[in-house]
There are 2 protein chains.
Amino acid sequence: MNTRSPSLALSTKDRLIRSAATLFRTRGYHGVGLNDLLADAKAPKGSLYHHFPNGKSDLALAAATWASDEMLRLIAVSFADAPTFKSGATTLCHKLAKLFDLSGKWDGCPIAATLFEGPDNADFRACAQRLYDGWIAEVHDHADRFGLAPDIADHQARHLFVLIQGGWLLARARRSSDVLRALPDLIAEA
Amino acid sequence: MNTRSPSLALSTKDRLIRSAATLFRTRGYHGVGLNDLLADAKAPKGSLYHHFPNGKSDLALAAATWASDEMLRLIAVSFADAPTFKSGATTLCHKLAKLFDLSGKWDGCPIAATLFEGPDNADFRACAQRLYDGWIAEVHDHADRFGLAPDIADHQARHLFVLIQGGWLLARARRSSDVLRALPDLIAEA
DNA sequence: GCAGAGCTGGACCGGACGGTCCAGTCACAC
DNA sequence: GTGTGACTGGACCGTCCGGTCCAGCTCTGC
């Protein structure tokens, strides 16, 4: 059983979403069976199909969206009290590194693992693009707030996104969060 | 059937490796069934287990290694005639963008898709790390060749790797190779 | 021509997969 | 108390999974 199984205090639907997000993130959409998932969420099959009529794929979309919202919150708190854009970006990378260590150094990006390895499905692709663009937009807003010129803000937001995704991958391969912590050094001074 | 199915002129073993590399890259390890794979490679099940006694997992390791060697060649030709490091990096990004377009704008990194989404297996993880470090080392050698100081070369090689991986992901989500072509602009002048 | 290794073709297997279905339970309105 | 709708528990289903096995077909060396 997953050691990060959601608490029974949560509703069945929330437990399903959280279990799905956690399991898909580490093993990918096709790597997680319905039985594993149901056991982790401590929910029977009937509940899954009650809350998510289309079964596994509906649940995956919900799990990816939930995980994306968590990421948006992480971005928001990282930049909230930062004196500069770069300082906020650094905080974000360090927070991600910490989460990566806590997760057992194997979690990947929840959206990529859930939606890219899923069925060859237009809904999945559209959802992934929408969620990723949400992350970039969130960073962009903070860049604006620090007074960066629009083209610079655009550049920085995209750069940070690409660095984090690439760094996440390398961190996973090396099973070390050091890569994530070193990312801010790669950003040019704004 | 995969439109990029390997030619029958190749040996059965090579056809298996190429089919596996192509299919895993787009659908992930667990997303490809043995029957799909065998149909694409036009090989019977007996041949697979003759050439790869451990079946799917052996084949995945071989496919990832083959795909990684292709990438090393791509890096080598991109930097071979380049006047500067940055020019070589730009050529590499453009070549990747072209391949991405040819693939149907959905291919991911062959190593991540094959080994990260595979079984929770120490061999897979070790192989992924080894292959990625091979890519970084190859870029590092070229950086050396252009006379970059060791710490700068290290920095640049890691940066290029992270950019390409992150860019690849965003290109996939947006189904556009523009992201890959824009990557060189994100590298600081060395 | 013959022996034997290397390789192929495909039937077959047990189990796990995602999905369906419905009786049972519960909280709550009336 | 009774009716109602939301939710749960789990038996059950057909399909496809990865994997096994072996008969038979080459190809090669002699």
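The structure displayed is predicted, hence computed values, not measured ones. Each chain gets a letter, A, B and so on, in the order its sequence line appears, and its residues count up from 1.
Between Asp101(A) and Lys105(A) there is a salt bridge, since a side-chain N of the basic residue sits under 4.0 Å from a carboxylate O of the acidic one.
dC17(D) atom P lies 13 Å from atom CG of Leu23(B), rounded to whole Å. Taking atom CG of residue Leu37(B) and atom P of nucleotide dG19(D), one finds them 12 Å apart after rounding to whole Å. A straight line from CZ of Phe52(A) to P of dG18(C) spans 16 Å, rounded to a whole angstrom. In this structure, CG of Leu16(B) is placed 11 Å from P of dG9(C), rounded to the nearest angstrom. dC17(C) atom P lies 14 Å from atom CG of Leu48(A), rounded to whole Å. Put simply, CG on Leu59(A) is 11 Å from P on dG18(C), counting in whole angstrom units. For Tyr49(A) and dG10(D), the OH to P distance is 17 Å, given to the nearest whole Å. The nearest whole Å value for the distance from the NZ atom in Lys42(B) to the P atom in dC7(C) is 21 Å.
At dT8(D), one or more side-chain N or O atoms of Thr12(A) fall inside 4.0 Å of OP1 or OP2 (strictly under the cut-off). Considering only side-chain N and O atoms, Asn35(A) lies under 4.0 angstrom from the phosphate OP1 or OP2 of dC17(C). OP1 or OP2 of dT8(D) has at least one side-chain nitrogen or oxygen of His51(A) nearer than 4.0 Å.
Among the heavy atoms of the strands lying under 4.0 Å from Lys56(B) are primed sugar atoms or P, OP1, OP2 only; no base atom is included.
Ring to ring, His155(B) and His140(B) are not that close: their centroids are 6.0 angstrom or more apart. The distance between the ring centers of Trp106(A) and Phe116(B) falls below 6.0 angstrom.
Arg125(B) pairs by the side-chain hydrogen bond (donor to acceptor under 3.5 Å, both in side chains) definition with Asp120(B), not counting sequence neighbours. Partners of Asp133(B) according to the side-chain hydrogen bond (donor to acceptor under 3.5 Å, both in side chains) rule, which considers only residues two or more places apart in sequence or in another chain, are Arg174(A).
Using a 3.5 Å distance cut-off with no hydrogens or angles, the side chains of Arg15(B) and Ser19(B) do not pair a donor with an acceptor.
Checking dT8(D), dG10(C), dG19(C) against every side-chain atom of Lys45(B), the shortest atom distance belongs to dG10(C).
Two residues are said to be in side-chain contact when any heavy atoms from C-beta on lie closer than 4.5 Å; Cys127(B) and Thr65(B) meet this criterion.
Of the two residues near DNA chain C, His50(B) and Gly46(A), the one whose nearest nucleotide lies more 5' is His50(B).
Residues from residues 25-34 of chain B placing a heavy atom under 4.0 Å of any atom in DNA chain D, listed by number, are Val32(B), Gly33(B), Leu34(B).
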